[in-house]
Amino acid sequence: MSTNRDFSRDGTFLIDLTKCTGCRACQVACKQWNQLPAEHTEFFSGQGYQNPPAMSEYTFTRIKFRDYQKNGQNEFAFYKEMCMHCNEPACASVCPVGAFEKTVEGPVFYKDNRCIGCRFCMIACPFGVPKYEWSKALPLVKKCTGCLERVREGLAPACATTCPTAITYGPRDEMIELGKKRLLRHPERYVQKAYGYQEAGGTSVIYLTALPFDELGFKQVTKRALPEYTWDALRLVPGIFLTAGAGLSALAWITHRRERLRQELERERAALAAEEAKEDQE
Amino acid sequence: MSVLSRIVDEVRSYHWFVKAMIITVVIGMAGATLRFVFGLGATTNLNDTYPWGLWISFDVVTAVPLAAGAFTLGAIVHCFNIKKLEPLVRPSIVTGFLGYSLVSVGLLLDLGQPQRAWHVLRYWNVHSPMFEVSMCIMLYTTVLFLEFLEPVAQKFGWSVSLRLLRWLEMPLAIAAAAISTLHQSSLGTFFLIAVDKLHSLWYNPLLPLLFWISAICSGMCIIILEATACHKWMGEPNEGELLQTLSKILPWTLGAYLALRVYSLVFLSQGPFFNRPWLTLSFLLEVGVGFLVPLIMFCNKAIRENDSRRSLAAGLVVFGLVLNRFNVSMFGMMDPQNPYFPTAIESLVTLSIIAAHILFFVLIAKYFPIFEHHPETVDYRIPHRPGKTAGVSG
């Protein structure tokens with residue numbers, strides 16, 4: 001986790017939801033590439049046509065559906081949920097064993113052989129991405145891998161490769177440039193904001209939409225990189241440890257010295273009194 | 001008579017309450033076994049939207065501050081040199097040692113891969129509050145174990161080790177306070193990352209500091225409750241006079257806590273504050289009944305001098321602390337659309353952890369010189385011949 005790293009060449013998804021047709025080929029490609037089993041689902045188990053009802057240990061990406069009305073017509077809007085691959089991931093910062101790593105290629109990689117299963121990543125992730133193998137006795141975390149192996153071999157991630165319309169994959173600065181161009185060229189088509197450009201300090205997944213983000217189910221997320229919130233407190237730890245240790249040692253030394261001096265004084269006084277008593281007798 | 005039958009006879013002679021605790025612990029152990037056989041999903045109500053439940057909220061986040069009496073009293077007696085309170089140090093160390101050992105048990109139950117718990121020592125991540133707390137808990141449990149060895153050495157008359165431990169008292173007390181300051185506060189740091197999840201009534205950047213001060217308050221109150229209960233039900237000596245002195249410190253710590261709490265809420269937090277009625281109620285109960293009322297009570301001399309009223313005030317602080325930790329780690333984190341209730345197994349296991357704490361405390365107090373310890377009466381001299389001395393007793 002290096003705060004000064006340049007993220008502009010990280011592999012980044014530009015997901016233009018105005019171009020998404022809701023075909024869910026990305027869901028299928030993801031399952032195929034990651035060899036994830038199907039889930040038993042029921043139609044209309046969630047809101048509208050979306051299935052499965054949520055991301056899970058078996059489903060790393062999912063298209064959310066939203067019905068709305070435009071000019072008296074029924075319309076669909078979509079939202080592809082997946083790991084955002086944050087520039088400075090909250091999951092990586094809170095993991096006690098460093099099981100998450102923001103790779104130089106862009107994807108946030110999960111080292112399952114390190115994980116102790118504390119689930120702090122699930123608490124920390126502002127997007128609710130890491131999922132757990134609840135059915136197992138010794139469970140691990142599951143999440144979108146960003147197809148790190150494919151990216152390392154020079155391929156685009158499975159979902160980006162298979163998507164016929166909406167996903168572009170490339171270096172972050174180029175994706176931001178492309179997104180800006182689209183917003184400028186068709187201001188009537190887009191909400192004038194790119195989700196992921198600044199969210200959680202910037203992510204490797206950037207969305208463009210026609211509908212306001214909160215209406216599609218995007219979470220309202222702080223613009224500040226999340227690890228900074230805890231680091232503000234944690235960076236004080238060595239100082240506090242030394243201050244507390246040294247302060248208490250000094251305090252103990254002072255209080256004990258004071259007691260010793262008091263006892264000596266008392267002894268002297270007692271000796272003096274004894275001497276005086278002796279003199280009085282004589 | 002064989003050893004076994006002597007043990008059986010001994011257990012038979014216990015009070016029914018102790019027997020009930022033993023049974024609860026056994027049931028809890030059965031529940032814990034189920035967790036490892038069938039997994040967390042089958043035995044708990046945890047899910048992807050609510051990954052931390054009762055075992056984290058109580059067994060870790062709440063149990064750690066409840067065991068804070070050990071470092072607080074150690075610092076009061078050894079660093080502030082209020083020697084008068086020394087007889088309370090041992091019960092607080094026993095409480096702390098049991099508390100932390102059981103925190104480790106609770107944590108191992110909740111971990112998905114408990115066999116890999118040692119990975120924390122292997123793969124360091126200094127950016128993680130969980131790493132910091134785990135390291136501190138391991139270190140501090142060791143310190144508490146060393147401190148706990150003192151009554152053990154005294155019981156068996158190992159005077160050489162007793163002298164050594166006696167000499168280590170001060171450095172151990174300082175280490176205990178420094179380590180505790182770190183992890184008590186870092187438990188608050190856990191929730192700083194939950195920026196948009198934890199409700200504004202509890203989320204603020206001073207959370208670590210608030211956790212530390214409230215832990216000090218509750219640690220002392222637990223000692224008050226424990227000593228009073230042991231006097232009442234176990235026939236241990238009445239430490240009422242010492243508890244009075246201890247409760248004179250409480251208005252200061254409680255006052256500091258409340259002042260910081262109000263300051264952080266007014267100046268450092270961003271609303272909306274009172275948008276969810278149940279959380280508002282919980283907040284009022286916590287701050288009002290759990291901290292403000294006992295603050296007023298502890299300011300009153302008559303209440304401090306009265307055993308049962310003092311215990312009531314201490315009980316209210318413990319209530320406030322427990323509610324505070326639940327508000328931060330459970331109620332304030334919960335999505336109202338997906339409420340979480342612990343399963344019977346989760347509740348039983350937590351209950352049996354509390355029972356185990358009480359059980360072991362009672363047994364240790366029964367067999368080791370915990371309460372009758374008054375340091376001026378103990379002979380710490382090295383005997384002429386190495387080995388045991390008979391003259392060492394509280």
Side-chain angles (χ1 to χ4, degrees), chain A residues 1 54-57 90 92-99 113-120 122-124 126 128 130-141 219-222 224 226-227 229-234 236-237 240-245 247-249 251-252 254-256 258-259, chain B residues 35-42 46-49 51-52 75 78-81 83 107 110-117 119-120 122-134 170-171 173-175 177-179 181-182 185-186 188-197 205 207-208 333:
Chain A
M1 207 175 30
M55 285 194 290
S56 73
E57 54 183 300
S93 92
V94 297
C95 178
V97 291
N113 58 337
R114 279 195 186 192
C115 177
I116 59 171
C118 71
R119 309 189 290 289
F120 204 166
M122 304 174 72
I123 293 284
K131 303 295 177 193
Y132 210 50
E133 298 176 311
W134 293 106
S135 51
K136 295 193 178 162
L138 297 173
L140 289 166
V141 169
K219 294 199 168 75
Q220 271 247 319
V221 167
T222 168
R224 197 174 165 209
L226 275 102
Y229 287 90
T230 40
W231 188 240
D232 272 354
L234 275 177
L236 304 174
V237 157
I240 288 174
F241 182 73
L242 291 177
T243 314
L248 286 172
S249 306
L251 183 68
I254 291 168
T255 52
H256 283 80
R258 197 190 283 165
E259 191 185 297
Chain B
R35 172 256 171 273
F36 284 111
V37 176
F38 297 105
L40 282 165
L46 300 175
N47 56 44
D48 284 331
T49 51
W52 277 1
H78 294 293
C79 300
F80 288 87
N81 202 26
K83 275 283 175 290
L107 203 53
D110 194 76
L111 285 185
Q113 306 274 342
Q115 81 285 4
R116 291 183 184 168
H119 278 198
V120 178
R122 166 83 176 73
Y123 307 102
W124 289 30
N125 180 12
V126 292
H127 289 264
S128 164
M130 181 73 101
F131 166 76
E132 213 245 279
V133 168
S134 321
M170 166 82 72
I174 291 170
I179 298 170
T181 302
L182 295 192
S185 57
S186 290
T189 314
F190 274 25
F191 298 93
L192 288 184
I193 200 114
V195 194
D196 302 302
K197 295 182 179 174
L207 209 53
M333 291 284 286

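Below, read A as the first sequence line, B as the second, and so on, with proteins coming before strands; counting in each chain starts at 1.
- Side chains of Thr255(A) and Cys79(B) form no contact here, defined as non-hydrogen atoms less than 4.5 Å apart.
- Other residues, nucleotides and ligands contribute more than 12 heavy atoms inside 6.0 Å of the CZ atom of Phe36(B).
- For the atom pair SG of Cys118(A) and CG of Asp110(B), the computed distance is 9.0 Å after rounding to the nearest 0.5 Å.
- Atom CD1 in Ile193(B) sits 11.0 Å away from atom CD1 in Ile123(A) (nearest 0.5 Å).
- With a 4.5 Å cut-off on non-hydrogen atoms, Ser186(B) touches chain A through its side chain but not through its backbone.
- His119(B) touches chain A through backbone and side chain together, each having a heavy atom under 4.5 Å away.
- Highest contact tally toward chain B, considering only Ile240(A), Leu226(A), Val97(A), is held by Val97(A) [criterion: heavy-atom pairs under 4.5 Å].
- Smallest separation of non-hydrogen atoms from Ala252(A) and Met170(B): CB-SD, 3.5 Å.
- The backbone N or O of Trp52(B) lies less than 3.5 Å from no partner atom in the side chain of Arg119(A), so there is not a single donor-acceptor pair.
- Scored by the ring-ring contact (aromatic ring centres under 6.0 Å, His included) test, Phe131(B) finds Trp124(B) as partners (sequence neighbours excluded).
- The side-chain hydrogen bond (donor to acceptor under 3.5 Å, both in side chains) search around Tyr229(A) returns Thr222(A), not counting sequence neighbours.
- Taking both residues in full, the closest heavy atoms of Met122(A) and Asp48(B) are given as CE-OD1, 3.4 Å, listed atom of the first, atom of the second, then distance.
- The greatest number of non-hydrogen atom pairs below 4.5 Å with chain A, out of Ala178(B), Pro51(B), Gly41(B), Pro171(B), is found for Pro51(B).
- Heavy-atom contacts from other residues, nucleotides or ligands closer than 6.0 Å to CZ of Arg258(A) number 12 or fewer.
- Contact count against chain B (heavy-atom pairs under 4.5 Å) is highest for Ala124(A) among Gly98(A), Ala244(A), Ala124(A).
- Atom NZ in Lys136(A) sits 13.0 Å away from atom CG in Leu40(B) (nearest 0.5 Å).
- Across Leu248(A) and Ala177(B), no two heavy atoms sit closer than the pair CD1-CB, 3.3 Å.
- In terms of heavy-atom pairs under 4.5 angstrom with chain B, the leader among Ala99(A), Cys95(A), Ala90(A), Gly247(A) is Cys95(A).
- Contact of Leu107(B) with chain A is not made at all, since no heavy-atom distance falls under 4.5 Å.
- Heavy-atom minimum distance, Ser93(A) versus Asn125(B): O-ND2, 3.3 Å.
- With a threshold of 4.5 angstrom between heavy atoms, Leu207(B) does not approach chain A through any atom at all.
- In this structure, Asn81(B) CG and Ile254(A) CD1 are separated by 11.5 Å, a value rounded to the nearest 0.5 Å.
- Atom NE2 of His256(A) is separated from atom NE2 of His78(B) by 8.0 Å, given to the nearest 0.5 angstrom.
- Counting heavy-atom pairs closer than 4.5 Å to chain A, the top-ranked of the candidates Pro205(B), Ala117(B), Gly39(B), Ala75(B) is Gly39(B).
- Chain A forms the most heavy-atom pairs under 4.5 Å with one residue out of Arg116(B), Met333(B), Gln115(B), and that residue is Arg116(B).
- With a threshold of 4.5 angstrom between heavy atoms, Pro129(B) approaches chain A through its backbone and through its side chain.
- Of the two parts of Leu182(B), only the side chain, counted from C-beta on, holds a non-hydrogen atom closer than 4.5 Å to a non-hydrogen atom of chain A.
- Nearest approach of Leu192(B) to Ala233(A), heavy atoms of both residues: CD1-CB, 3.9 Å.
- Contact annotation: the side chain of Gln113(B) approaches that of Leu140(A) to within less than 4.5 Å [non-hydrogen atoms, C-beta and beyond].
- Taking chain B as the reference chain and counting heavy-atom pairs below 4.5 Å, the highest number among Arg114(A), Glu57(A), Gln220(A) is found for Arg114(A).
- At distances below 3.5 Å, not a single donor-acceptor pair connects side-chain atoms of Asn47(B) with backbone N or O atoms of Trp134(A).
- Contacts of Val133(B) with chain A are absent, with no heavy-atom separation under 4.5 Å from either backbone or side chain.
- Annotation: the span from Thr181(B) atom OG1 to Phe241(A) atom CZ amounts to 9.5 Å, rounded to 0.5 Å.
- Looking at Phe191(B), neither its backbone nor its side chain comes within 4.5 Å of chain A, counting heavy atoms on both sides.
- Annotation for Thr189(B) and Thr230(A): closest pair O-CG2, 3.3 Å, computed over non-hydrogen atoms.
- At a threshold of 4.5 Å between non-hydrogen side-chain atoms, the residues Val237(A) and Glu132(B) count as touching.
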